[in-house]
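Here the structure is laid out as structure tokens; the discussion comes afterwards.
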Amino acid sequence: MLKDSFGRTFPYIRMSITDVCNFKCGYCLPNGYQVDKSDNRKFLHLDEIKRLAKCFSELGVNKIRITGGEPTVRKDFFEIIKVLKVDAGIKKVVITTNGYHLDKKAKLLVDSGLNGINISMDSLNRETFKNVTGHDRLPEILEGIKNLQELGFENIKINAVLLNGINSSEKDFDAWSKFVQINKIDFRYIELMQTGDNLEYFKKYHSSSKIFKNYLNENNWIYQTLGKDAGPSINYINPEYKGKFGIIAPYSKDFCKTCNRLRITSRGDLRLCLFGNTGISVRHLLQKDDQLNELKDLILKQMQFKKESHYLELGDTGSTKNLSKTGG
Ligand code: SAM
Ligand code: SF4
């Protein structure tokens with residue numbers, strides 16, 4: 001089992017499989033994906049992903065989230081799901097996606113054996129959605145969600161970045177409220193995080209999640225206490241609603257205490273935290289099947305370098321220019 005010097009265990013990996021994205025979210029890639037000329041390494045290929053996942057599986061990892069960039073733009077995306085599940089034996093394979101072409105992909109996703117999907121959707125208002133992402137694609141995502149539900153897919157979550165003056169009004173909260181009333185879907189607001197590239201945007205649009213918390217308290221939502229391994233979302237339930245609400249507040253005092261995940265970048269760097277500079281490339285040990293034990297040793301040794309917190313509240317964004325690089 002992967003364990004750090006603060007007693008935290010890591011059964012969960014976030015694996016970025018590409019930096020490429022087809023959206024232009026204002027807080028992440030406002031000018032769209034640009035090739036990184038300072039790093040000409042290719043994205044991990046299928047065999048490397050297979051070896052890495054097998055290694056993690058043997059180190060006790062039972063959940064991998066595939067992310068990016070936009071993971072579904074990779075041509076071998078469905079093969080990657082298969083390799084993780086079948087070859088590496090990872091029990092829970094889940095993805096985070098912007099929902100591009102979700103209407104068309106829903107069936108393939110369900111058939112792939114995927115265990116869960118997080119869809120990033122910053123607004124239920126078509127115009128706002130378009131302004132934030134640079135794409136008028138809200139209807140196809142909503143249609144995709146409907147298709148997933150009709151196919152009996154259960155584990156759907158929606159994440160929105162809380163943006164002051166864009167999607168933070170009572171009207172926005174009411175719209176989501178109506179949505180979760182009739183859909184068995186968890187909706188979570190994530191507080192906007194500062195990255196190396198987005199300081200101006202951050203200053204303009206960051207809002208504390210307290211405003212949403214207050215809304216939940218005023219509308220009879222009940223704080224749900226969860227187990228130690230529940231992850232970073234603080235959840236709220238209401239018996240009259242099919243779905244749940246949640247808040248992900250990375251600036252909150254105890255956010256890092258429940259950290260249970262490590263990250264792999266699309267080029268094979270092991271990152272111990274979403275932020276910070278700690279992490280090394282493990283790619284040289286992904287080239288042959290007989291390197292497995294050496295790879296395990298390297299990863300286990302790295303665990304002692306995991307820090308207690310991300311120090312984001314001090315404005316320390318480490319080497320994270322934007323979250324398309326480390327997978328959000
Ligand atoms: N492209 C996929 C998507 O958007 O779901 C996966 C990658 S994206 C980097 C993962 C998540 O990070 C998304 O939910 C996105 O909204 C979130 N994200 C990106 N930049 C962020 C920031 N600066 N602060 C908070 N969340 C951010
Ligand atoms: Fe792309 Fe996701 Fe970043 Fe938006 S948040 S630009 S969809 S990687």
Side-chain angles (χ1 to χ4, degrees), residues 14-34 36 43 64-74 77 80 94-102 105 109 116-123 128-135 137-138 140-141 144-145 156-164 166-168 186-209 212 231-233 246-252 255 261 263-266 271 274-275 310 312-313 315 317-318 320-328:
R14 287 196 168 207
M15 182 184 277
S16 174
I17 56 170
T18 180
D19 293 355
V20 177
C21 185
N22 43 10
F23 277 21
K24 297 179 181 176
C25 301
Y27 43 79
C28 183
L29 296 174
N31 303 313
Y33 170 69
Q34 314 279 327
D36 181 355
F43 302 130
I64 292 186
R65 173 171 304 284
I66 309 173
T67 178
E70 174 49 34
T72 62
V73 302
R74 256 186 83 147
F77 171 71
I80 293 174
V94 297
I95 63 164
T96 298
T97 173
N98 61 23
Y100 175 84
H101 278 180
L102 188 60
K105 288 193 196 120
L109 285 168
I117 183 167
N118 281 15
I119 302 161
S120 306
M121 211 164 102
D122 291 328
S123 179
T128 308
F129 181 92
K130 186 172 143 200
N131 288 338
V132 175
T133 61
H135 284 265
R137 292 192 177 272
L138 182 65
E140 79 186 35
I141 300 172
I145 291 172
I156 307 173
K157 295 193 174 88
I158 295 177
N159 292 330
V161 180
L162 182 63
L163 300 168
N164 192 22
I166 295 182
N167 62 4
S168 61
D186 294 0
F187 170 82
R188 292 99 59 93
Y189 266 121
I190 312 174
E191 271 184 14
L192 176 63
M193 290 178 260
Q194 184 192 334
T195 62
D197 278 353
N198 77 1
L199 183 60
E200 284 312 307
Y201 193 95
F202 176 80
K203 280 192 200 151
K204 198 164 168 192
Y205 295 116
H206 177 262
S207 163
S208 160
S209 53
F212 187 53
S233 176
I247 295 174
I248 302 179
Y251 291 91
S252 71
F255 186 73
R261 76 247 354 242
R263 291 162 195 275
I264 288 286
T265 70
S266 57
R271 296 284 297 266
L274 177 55
F275 293 91
H310 51 39
L312 204 55
E313 66 284 8
T317 59
T320 306
K321 285 169 80 175
N322 57 63
L323 293 198
S324 80
K325 294 242 164 238
T326 34

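The analysis underlying the following values was restricted to heavy atoms, covering all of them including side chains, and did not include hydrogens, waters or symmetry mates. Every number for a ligand or one of its atoms is a count from 1 in the order of the listing.
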Query raised in the report: Given Q194 and L199, is the side-chain contact (heavy atoms from CB on, under 4.5 Å) satisfied, shown in steps?
Result: CA-CA 6 Å; Q194 184 192 334; L199 183 60; 3.5 Å; yes
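- Looking at V161 against ligand 1, only its side chain comes within 4.0 Å, counting heavy atoms.
- Ligand 1 has G69 within reach: a non-hydrogen atom of the residue lies less than 4.0 Å from it.
- A side-chain N or O of E70 and one of T97 form a donor-acceptor pair less than 3.5 Å apart.
- Annotation for ligand 1: atoms under 4.0 Å from non-hydrogen atoms of E191 are 25 (C).
- Of the possible donor and acceptor atoms, none in the side chain of R188 sits under 3.5 Å from a partner among the backbone N and O of S233.
- Remark: ligand 1 and S120 share an N or O pair separated by less than 3.5 Å (distance only, no angle test).
- Counting only heavy atoms from C-beta outward, the side chains of L192 and Y201 approach each other to under 4.5 Å.
- Ligand 1 has no atom lying under 4.0 Å from any heavy atom of Q194.
- Ring pair F187/Y189 is perpendicular by interplanar angle, where above 60° counts as perpendicular and below 30° as parallel.
- For ligand 1, the atoms sitting less than 4.0 Å from at least one non-hydrogen atom of T67 are 6 (C), 7 (C), numbered in the order shown with element in parentheses.
- Ligand 1 has an N or O atom lying under 3.5 Å from an N or O atom of E70, backbone or side chain.
- For a threshold of 3.5 Å applied to N or O pairs, the pair formed by C21 and ligand 1 contains no separation below that value.
- Residue contacts with ligand 1 for L323 involve both N, CA, C or O and side-chain atoms from C-beta outward (heavy atoms, distance under 4.0 Å).
- Ligand 1 places these atoms under 4.0 Å from at least one heavy atom of N198: 23 (N).
- Checked by distance only, ligand 1 and Y27 come closer than 3.5 Å through their nitrogen or oxygen atoms.
- In this pair, H135 and F23 present their aromatic rings parallel. The plane angle is below 30°, not in the 30 to 60° band.
- Note: no N/O pair closer than 3.5 Å links T96 and ligand 1 by distance alone.
- Checking N167 against S123 by side-chain atom types alone, no donor-acceptor pair falls below 3.5 Å.
- Using a 4.5 Å heavy-atom cutoff, the side chains of F43 and I17 are not in contact.
- Between T72 and K105, the closest heavy-atom pair is OG1-NZ, 3.5 Å.
- Contact atoms of ligand 2 toward C25: 4 (Fe), 5 (S), 6 (S), 7 (S) (distance under 4.0 Å to a heavy atom of the residue).
- Under the 3.5 Å distance criterion, with hydrogens and angles disregarded, no donor-acceptor pair is assigned to the side chains of R271 and T265.
- Close contacts of ligand 2 with F23, meaning ligand atoms under 4.0 Å from a residue heavy atom, involve 6 (S), 7 (S).
- Regarding atom 3 (Fe) of ligand 2, its nearest protein heavy-atom neighbour is C28 SG, 2.4 Å.
- Annotation: atom 2 (Fe) of ligand 2 to nearest protein heavy atom, C21 SG, 4.4 Å.
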